[in-house]
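Note sheet for the following structure.
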Amino acid sequence: MAEKATRETAGSNKPALELHVPEPRYRPGDTADFSHIDIGQPGDMPRPDEACAPADMHDLAYGLVRVLGDDNKAHGPWDPKLSPDTLRTMLHHFSTTRAFDERMFRGQRQGKTSFYMKCTGEEATSIATSMALASDDMIFPSYRQQGILIARGYPMIEMINQIYSNKGDKLKGRQLPIMYSSREHSFFTISGNLATQTPQAVGWAMASAIKGDTRIAATWVGEGSTAEGDFHSACTFATVYNAPVILNVINNQWAISSFSGFAGAERTTFAARALGYGLAGLRVDGNDPLACYAAEQWAANRARANAGPTLIEFFTYRAEGHSTSDDPSGYRSAQEQKEWPLGDPVTRLKDHLIALGEWDEERQAAMDLAAAELVKKTTKEAEANGILGHGLHHPFRTMFQDVYEDLPWHLEEQAAQAKKEREIKWPGEEPWS
Ligand SMILES: Cc1ncc(C[n+]2csc(CCOP(=O)(O)OP(=O)(O)O)c2C)c(N)n1
Ligand SMILES: [Mg+2]
């Protein structure tokens, strides 16, 4: 401070300028307390008409759309009134996704893959939302929406082959594990470069409208990634052209070890970003499967009616580490997850079905066991195609294929050099395998 003061010109009474550097409320060892967060009451937010002007739904960007109450019943105008069968299907996808995450995480610890990312606690933001879309609406995901592939019936063995980068991997080991792609399931290739999927989704939606198609696009992006310029370009294009797109912002409050304050959460909500662009903005309890479904359905109806794009913030909590490479005990309080007031989406859906008289703990236990067994069996099948480091990957030569119709001369040279080096390193072995 003393140094700053000497820089002031004589006679000036202007205060020295200061920066604010955000600091999370709780660090390891701290007692976490979320009582400062206003989560409102289930059923207390209005449900405006889907063609509503963004300026007329201002409050929805600051409140929290909630449906499920502490009584495990559905409340208010956002209740999507899903049938018990649909709710059980959703629960089944939740259970499968959780079992899948558990086993793949363990597989990384056992050295079968180099990398994995769980979505624990955030299942509703991908599964419940995608169930509100048509199966051929185009998904532009981040890396934490494996639940969408599971909900869309993508073969689990393909996911595991990709995670193991084995000879069954349709992406031929060219993508980081978990960065899936499936044209048949309208699931755009995951990119590790954060937020690139957002302008791509808007562009795809614009193309769909230009062609006079009926399919809409939806993208998922982490709250930390909304600080990327790409996200803001996406918002601008979406509003300018009224693109039939949904921008889902998953606010799990952490971006690896950076808390959401570094993306602007101390100042306003992520849903409020929408207002400045003239987009519809909704802020939703991301751990409430019914609210997630209802919000996505609202935005899909809006987009399909050419009434405009929507930005939805799903307020949730990343219950586990960022990835297998992360250890959250080094930067946040272990208590946070327990104290987090919006609970666990799987438990909330299960308890809702039980409250409806449509489910019980025995059936839940059987469902979870069946999911774990399915994942185990499929893992074994995928392991027959190879695991990390066991040689059963795609042949080495394939790294020079597919990008160009005719291999350019400089890549031909590189390929020849690589082949020669491998012959020296592993004499007597097939250099291209
Ligand atoms: C352009 C870019 N910058 C940085 C990274 C490194 N990185 C990978 S994930 C991540 C955190 C993203 O957090 P968030 O957007 O909140 O998503 P979450 O992981 O919480 O789902 C970072 C910084 C990257 N992959 N790409
Ligand atoms: Mg995040």
Side-chain angles (χ1 to χ4, degrees), residues 22 24-26 34 37 97-98 101 104-105 108 114-130 139-149 174-181 188-201 218-235 247-271 273 283-287 292 311-333 336-337 340 342 345:
R25 279 177 182 258
Y26 311 113
F34 287 102
I37 297 180
T97 302
R98 208 160 262 195
D101 275 359
M104 293 302 109
F105 187 92
Q108 191 277 339
S114 57
F115 188 71
Y116 191 70
M117 300 178 99
K118 288 177 157 189
C119 65
T120 313
E122 300 174 39
E123 290 87 350
T125 64
S126 53
I127 295 168
T129 49
S130 66
I139 304 283
F140 288 81
S142 88
Y143 41 70
R144 226 181 278 287
Q145 283 79 48
Q146 55 267 49
I148 298 179
L149 281 177
R174 292 168 188 178
Q175 282 269 68
L176 188 76
I178 67 108
M179 300 217 167
Y180 319 104
S181 172
F188 195 76
T189 313
I190 299 172
S191 167
N193 302 327
L194 298 175
T196 52
Q197 72 274 22
T198 57
Q200 290 164 350
T219 184
W220 278 252
V221 66
E223 91 293 338
S225 304
T226 64
E228 282 287 338
D230 272 4
F231 176 74
H232 299 275
S233 303
C235 291
L247 301 156
N248 297 298
V249 175
I250 310 303
N251 177 10
N252 64 7
Q253 304 180 57
W254 289 92
I256 315 183
S257 55
S258 290
F259 86 115
S260 55
F262 281 103
E266 288 179 335
R267 306 298 185 199
T268 187
T269 68
F270 290 94
R273 305 279 189 276
R283 190 158 178 269
V284 177
D285 175 350
N287 288 20
C292 290
L311 189 165
I312 312 177
E313 172 187 349
F314 294 93
F315 192 36
T316 180
Y317 185 78
R318 198 195 72 210
E320 301 207 12
H322 171 75
S323 71
T324 47
S325 309
D326 182 39
D327 175 10
S329 71
Y331 55 80
R332 68 180 189 182
S333 167
E336 278 188 9
Q337 201 237 329
W340 165 240
L342 297 176

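One-based numbering, in listed order, for ligands and for the atoms of each. It should be emphasised that the depicted structure is a prediction, and the values quoted were computed from it without experimental measurement.
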> What part of R144, side chain from CB on, backbone N/CA/C/O, both or neither, has a heavy atom under 4.0 Å from ligand 1?
Replying inline: side chain
>> Using a 4.0 Å heavy-atom cut-off, which part of E228 comes near ligand 1: side chain, backbone, both, or neither?
In response: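 Contact part for E228 vs ligand 1: side chain (C-beta onward).
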> So is R318 in contact with ligand 1, going by heavy-atom distances below 4.0 Å?
Replying inline: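 It does not; every heavy atom stays at 4.0 Å or beyond.
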> Would you call G192 a ligand 1 contact, heavy-atom distance under 4.0 Å?
Replying inline: yes
>> Just to confirm my numbers, could you give the angle made at the Mg ion (ligand 2) by O of W254 and OD1 of N252, rounded to 10°?
In response: 80°
> For the Mg ion (ligand 2), which N, O or S atom of E223 is at the shortest distance?
Replying inline: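 Result: OE1.
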> Out of T196, N193, L194, T125, who gets a non-hydrogen atom closest to atom 4 (C) of ligand 1?
Replying inline: L194
> Which heavy atom of the protein is the closest neighbour of atom 9 (S) of ligand 1, given with residue, atom name and distance?
Replying inline: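 Of every protein heavy atom, Y143 OH, 3.2 Å lies nearest to atom 9 (S) of ligand 1.
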>> Suppose we measure from atom 11 (C) of ligand 1 to each protein heavy atom; which comes out shortest, and what is that distance?
In response: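 Nearest neighbour among protein heavy atoms for atom 11 (C) of ligand 1, to 0.1 Å: I256 CG1, 3.6 Å.
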> What closest approach, in Å, do T129 and F314 show between heavy atoms, and which atom pair accounts for it?
Replying inline: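 It is CG2-CZ, 3.5 Å.
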>> For I190 versus Q175, what's the shortest heavy-atom pair and its separation?
In response: O-NE2, 3.0 Å
> Hey, what's the ring geometry for Y331 with W254, parallel, tilted or perpendicular (30° and 60° as the breaks)?
Replying inline: tilted
Could you grab the distance from atom [atom1] of [X] to atom [atom2] of [Y], nearest 0.5 Å is fine?
X    : Y    : atom1 : atom2 : value
F259 : Y26  : CZ    : OH    : 11.5 Å
I250 : R144 : CD1   : CZ    : 10.5 Å
Q197 : T189 : CD    : OG1   : 11.5 Å

> Without hydrogens or angle criteria, can the side chains of N252 and T316 be said to hold a donor-acceptor pair below 3.5 Å?
Replying inline: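 Result is no, nothing qualifies.
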> Would one find an N or O of S225, backbone or side chain, under 3.5 Å from an N or O of ligand 1?
Replying inline: yes
> Quick one: does N252 get an N or O within less than 3.5 Å of an N or O on ligand 1?
Replying inline: yes
> Between Y116 and F105, is a ring-ring contact (aromatic ring centres under 6.0 Å, His included) present by the stated rule, with each step listed?
Replying inline: CA-CA 6 Å; Y116 191 70; F105 187 92; 7.5 Å; no
